[in-house]
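Scroll down for the structure; my scribbles are underneath it.
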There are 2 protein chains.
Amino acid sequence: MSDNGSLRRGRPGYDQRGILDVAVSAFIEYGYDATSMGVLADRLGLSKSAIYHHFASKDEILERALDEALNSLEGVLEGTDASTGRAADRLDLVLRGAVHVLVDKLSYVTLLLRVRGNTEVERQALARRRAFDRRVTALVEEAQAEGTVRSDIDASVVSRLLFGMINSIVEWYRAGGREDADKLADDVIAVALDGLRMPTSNRVDELLG
Amino acid sequence: MSDNGSLRRGRPGYDQRGILDVAVSAFIEYGYDATSMGVLADRLGLSKSAIYHHFASKDEILERALDEALNSLEGVLEGTDASTGRAADRLDLVLRGAVHVLVDKLSYVTLLLRVRGNTEVERQALARRRAFDRRVTALVEEAQAEGTVRSDIDASVVSRLLFGMINSIVEWYRAGGREDADKLADDVIAVALDGLRMPTSNRVDELLG
């Protein structure tokens, strides 16, 4: 939640963002606890003091990385709060936006999803994830109330299943693969909102049933 | 893949299954590498040699635990291979069956999903997971070919999104919660096959569109 990136920029080789990218990859590969500032310095080809020029501590690196993912996800919700469309349409936008955040910030979201609450920074990130989930659940409830989304499933289960599906993308998505973010977002919407079954198949079932 | 559980049973306090349950919880809590046989012995209130009476090594404990999850998941596919229904109906059965395995063997599947391939046992488990995914993908392709499942999404993406949704259940499901496995399986099927959007909502869109 520090906002002094611009003050610390300009060092040759790596700026703050470059260090963050490398640190996030290392945290994912070795785990946060196992990644010492010395390991990071080796990986960057910098001295530890060069890293401390940009970040006060390893904890601050983690905080900035988790902020990056959380700010982007929260931004998706903010972007739809202002609009006045149906809740179902805003839910559509939130799901699409979340897929784009995952694809654009894959390693940052991967790190966020691995957080288990072992430190104060991690606990704050978990609290923000829970707040995000509650807002998505509220949006699902709104869509259920307006009659655009089926109401026979608990809204919190709906939001967990939807984000379970979306978050799982970090497990297999690789930049430059066959699917770009737009197509992937379309696919998620197709499964989540319209379902996989062909409409004709449903109608046949109704006729037979 | 050892099958000598019955030979080693009968020790007072913990049978092989009981040790396995406790070990799986410890592996999830501390990580496999950080859980020594000494840690396990403390947690069980047994001597290390009492554990070695049941398992040749920590690696064998992990192998048995992963087998437990994989055998159950593979069993779901076997159970549907024999039936002769439409592929869409068999897919329905596979998804429901997988939800039940997750709920019934929550900690075992949680452990399986955390495996990253650091040891030979882990690599074998990952290979079996990939084989499972391929069989689900083939089932989706079959359903697409018979015209019961939409074919505008790549079958491997469909199976990844579906199992992303299902596997995420381990993150939040707790036994004795509000949803039982049957209701949860219904919810997954409702989202995955029929979609969240109310049919009337679609029809209105079509009329307006």
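Hydrogens, waters and symmetry mates play no part in the numbers below; they use all other heavy atoms, side chains included. We name chains A, B, ... by the order of the sequence lines, and we start the count at 1 in each one.
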Could you tabulate the donor-acceptor pairs under 3.5 Å formed by side-chain atoms of residues 161-176 of chain A, not counting sequence neighbours?
from	atom 1	to	atom 2	distance (Å)
N167(A)	ND2	F163(A)	O	3.1
S168(A)	OG	M165(A)	O	2.7
Y173(A)	OH	E179(A)	O	3.0

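Within residues 29-42 of chain A, no residue has any heavy atom under 4.5 Å from a heavy atom of chain B. Against chain B, the residues from residues 108-121 of chain A that qualify, each with a non-hydrogen atom under 4.5 angstrom away, are R114(A), R116(A) in number order.
By the 4.0 Å N-to-carboxylate-O rule, R150(A) lies too far from D187(B) to be salt-bridged with it. Taking a cutoff of 4.0 Å between a charged side-chain nitrogen and a carboxylate oxygen, D15(A) and R17(A) do not qualify as a salt bridge. Between E78(B) and R135(B), at least one side-chain N (NZ, or NE/NH1/NH2) sits under 4.0 Å from a carboxylate O, which counts as a salt bridge. Contact check on D182(B) versus R96(B) returns no salt bridge, with no Lys/Arg side-chain nitrogen under 4.0 Å from an Asp/Glu carboxylate oxygen.
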Practice task
Test side-chain contact (heavy atoms from CB on, under 4.5 Å) on T148(B) and R197(A) and set out the steps.
Solution key: CA-CA 6 Å; T148(B) 48; R197(A) 220 191 293 265; 5.7 Å; no
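Counting heavy atoms from C-beta on, the side chains of D21(B) and S107(B) never come closer than 4.5 Å.
Remark: S72(B) engages V101(B), K105(B) in a side chain to side chain contact (heavy atoms under 4.5 Å, CB included) (not counting sequence neighbours).
The candidate with the highest count of non-hydrogen atom pairs below 4.5 Å against chain B, out of A190(A), G195(A), S151(A), is G195(A).
Not one N or O on the side chain of Q144(B) forms a donor-acceptor pair closer than 3.5 Å with the backbone of D154(B).
Using a 4.5 Å cut-off between heavy atoms, V140(A) makes no contact with chain B at all. Heavy atoms of V188(B) lying under 4.5 Å from chain A belong to its backbone as well as its side chain. At a 4.5 Å heavy-atom cutoff, the contact between D152(A) and chain B is made by backbone atoms alone.
Contact record, F132(A) with L73(A): CE1-O, 3.2 Å, taken as the closest heavy-atom pair. The two residues A143(B) and A88(B) come nearest to each other via the heavy atoms CB-N, 3.9 Å.
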